[in-house]
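First up is the structure itself, then whatever we jot down about it.
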Amino acid sequence: MISVQETDTLVPCEWRARAARNRLAMMDAVDDYKATHRTGFQQHGRPQFLFAHKQNRYSLAVGGFIALRTSYDFDGTPSATDFIPSSIPVPGDYATRQRLSMDASTSRVYIKGIANTRALGRVVVYVSTDFRGGAKGSYTPRLREAYVSFGGFTFGRDVTTFCDLDAGPKTIDFQGPNAYNFTFATMIRYEVPFAKDHLRFGLAAELPDVSGTFGETFDPIPQRVPDFPAYLECAWGAARSSHFRVTGIVRDLYLHNAATGSNTSLLGWGVQASTRIELARALTVYGSGVYGEGISRYIQDLSGLGYDFTPDPQDPARIQTMPMWGWYGAARIHIVPQRLFVSGGYSEAHVEHRHGYYAGDQYRRGRYIFGNVFYNFTSRCTLAAEYLYGRRENMDSGRNHANRVSMQVQYNF
């Protein structure tokens, strides 16, 4: 920074030289942010406010956006704020036929700092928050991400390593496709690119979040082993804009057997293949398929429903993991580059039964269909509209569906 008193004593050539150095430092800071900017599902744009040290030893950005979503549910409504097929009531009644809602809780504020150090190289510190904590409609601030990364390592809270951000299609709906796996985790992660950035490998240890149905014989206990997700990605095309990723995860699910007085554990595991491919300048396709046992945390529609494991229907004194799977496919068409695009897709999530099912009203399958249009009115202001259809089916064949139309105005700062 340069003080007013200093500028009074500078001769014109010295002032121009210092101004040139400051401009160069700011350009270097902008390059740092371009190099560390993350794209994909629910990722924000580039910051409007950027402050840099005169030698670009460190820089700080403050940004975010205000988003207002207005929705109308008809012919069935999910009980959740977001469009989650597993939250569709079965059966419906007079109170779950229509609903008007307005929500600004997805608005976001973030701070990002970058330090260029000799010992650790480029160090990135990032904190973001939205307003989806606390009770529904309370607008309580919630910590989304809080991490520091350097040398390929990430320490803190971030999107789970099992999630492929660039394979997620953009939706007004906060959850997105019901077979997607966008969730946050506290972690230690290592990622490394190689083969001229065509290949990338990542491995993490993440704090587990177990959601099972314990029955009368088993009780929850604190978990002892992290979840271990890992991926290998192959990218190609201009700026590596297309990719294919294979991801796996291993979980050790701990619980207490009250009948024997001993602790036990179950093995959870999952595999996923995901992709984003630019087939043409105006057409991009997205897709993913996931299968596993005891991984309900990593499938949007199943998270928190107690389906990692259930008592064995043939022997309630035993416990078993639940097989589950899901897939989605979507496409985006750019009608006017950088200004207008339309997209749509289909998604399914399933829970399989083993030795019969534990309860008739237990979730069996959910479907999610979306179509939307996004228009960048200015570089900072986006208008969007969306239609959603969801369907839930239970183990006993009970079912219900829901529809939603939404509009959104978002302004980035």
Tell me, please, which residues at least two apart from P89 pass side-chain contact (heavy atoms from CB on, under 4.5 Å).
T96
Short side-chain to backbone donor-acceptor contact, H198 and A235, under 3.5 Å
yes
More than 12 heavy atoms of other residues, nucleotides or ligands under 6.0 Å from NZ of K34: yes or no?
no
Contact check, side chains of V210 and Y254, non-hydrogen atoms, under 4.5 Å
no
Under a 4.0 Å threshold between the charged nitrogen and the carboxylate oxygen, would R189 count as salt-bridged to D158?
yes
Looking only at heavy atoms, the pair that brings G294 and R251 closest together is O-NH1, 2.9 Å
Contacts of R108 that satisfy salt bridge (Lys or Arg N to Asp or Glu O under 4.0 Å) - sequence neighbours left out
none
By side-chain contact (heavy atoms from CB on, under 4.5 Å), A146 pairs with (sequence neighbours left out) V127, L143
Just by modelled atom types, is the I277 backbone N or O under 3.5 Å from a matching donor or acceptor in the S242 side chain?
no
Looking at Y286, is its backbone amide N or carbonyl O close enough to the side chain of Y328 to form a donor-acceptor pair, meaning the two atoms are under 3.5 Å apart?
no
Spell out, as yes or no, whether a donor-acceptor pair under 3.5 Å connects the side chain of D103 to the backbone of T81.
no
Using a 6.0 Å distance limit plus a 45 degree cone around the ring axis, check whether K170 lies over the aromatic ring of F41.
no
Any side-chain heavy atom of R132 within less than 4.5 Å of one from S107?
no
Verify, without hydrogens or angle tests, whether D308 (side chain) and S296 (backbone) share a donor-acceptor contact under 3.5 angstrom.
yes
More than 12 foreign heavy atoms under 6.0 Å from CZ of R57: is that the case here?
no
With no hydrogens and no angle check, is any side-chain donor or acceptor of N394 less than 3.5 Å from a backbone partner on D396?
no
Give every donor-acceptor pair under 3.5 Å between a side-chain atom in residues 172-180 and any protein atom, sequence neighbours left out.
from: D173; atom 1: OD1; to: F83; atom 2: N; distance (Å): 3.0
from: D173; atom 1: OD2; to: G176; atom 2: N; distance (Å): 3.3
from: D173; atom 1: OD2; to: Y368; atom 2: OH; distance (Å): 2.8
from: N178; atom 1: OD1; to: S347; atom 2: OG; distance (Å): 2.6
from: N178; atom 1: ND2; to: D301; atom 2: OD2; distance (Å): 3.1
from: N178; atom 1: ND2; to: G366; atom 2: O; distance (Å): 3.1
from: Y180; atom 1: OH; to: D164; atom 2: O; distance (Å): 2.8

Taking side chain to side chain donor-acceptor pair (under 3.5 Å) as the test, write out the residues that go with W327, two or more places apart.
none
Flag the pair D197 and R240 as a salt bridge only when some basic side-chain nitrogen lies within less than 4.0 angstrom of an acidic carboxylate oxygen.
no
Can you find a heavy atom in the side chain of R297 that is under 4.5 Å from one in the side chain of P208?
no
Is any side-chain heavy atom of L279 less than 4.5 Å from a side-chain heavy atom of V285?
yes
Are E191 and R200 side-chain neighbours, meaning at least one heavy-atom pair lies under 4.5 Å?
yes
Do the side chains of T264 and F218 get nearer than 4.5 Å, heavy atoms only?
yes
May I ask you to decide whether D166 forms a salt bridge with R276, counting only side-chain N to carboxylate O separations under 4.0 Å?
no
By side-chain contact (heavy atoms from CB on, under 4.5 Å), which residues pair with T213, not counting sequence neighbours?
T310, P311, Y358
Between R332 and S343, which heavy-atom pair has the shortest distance, and what is it?
CA-CB, 3.9 Å
Looking only at atom types and distance, does a side-chain atom of T160 sit under 3.5 Å from a main-chain N or O of C163, one as donor and one as acceptor?
no
Quick one: closest heavy-atom pair of M102 and T70, and the distance?
CE-OG1, 3.6 Å
If you measure from the Lys or Arg side-chain nitrogens to the Asp or Glu carboxylate oxygens, is any gap between R69 and D82 under 4.0 Å?
yes
Whether E145 and R38 form a salt bridge (side-chain N of Lys/Arg under 4.0 Å from carboxylate O of Asp/Glu) is what I want to check.
yes
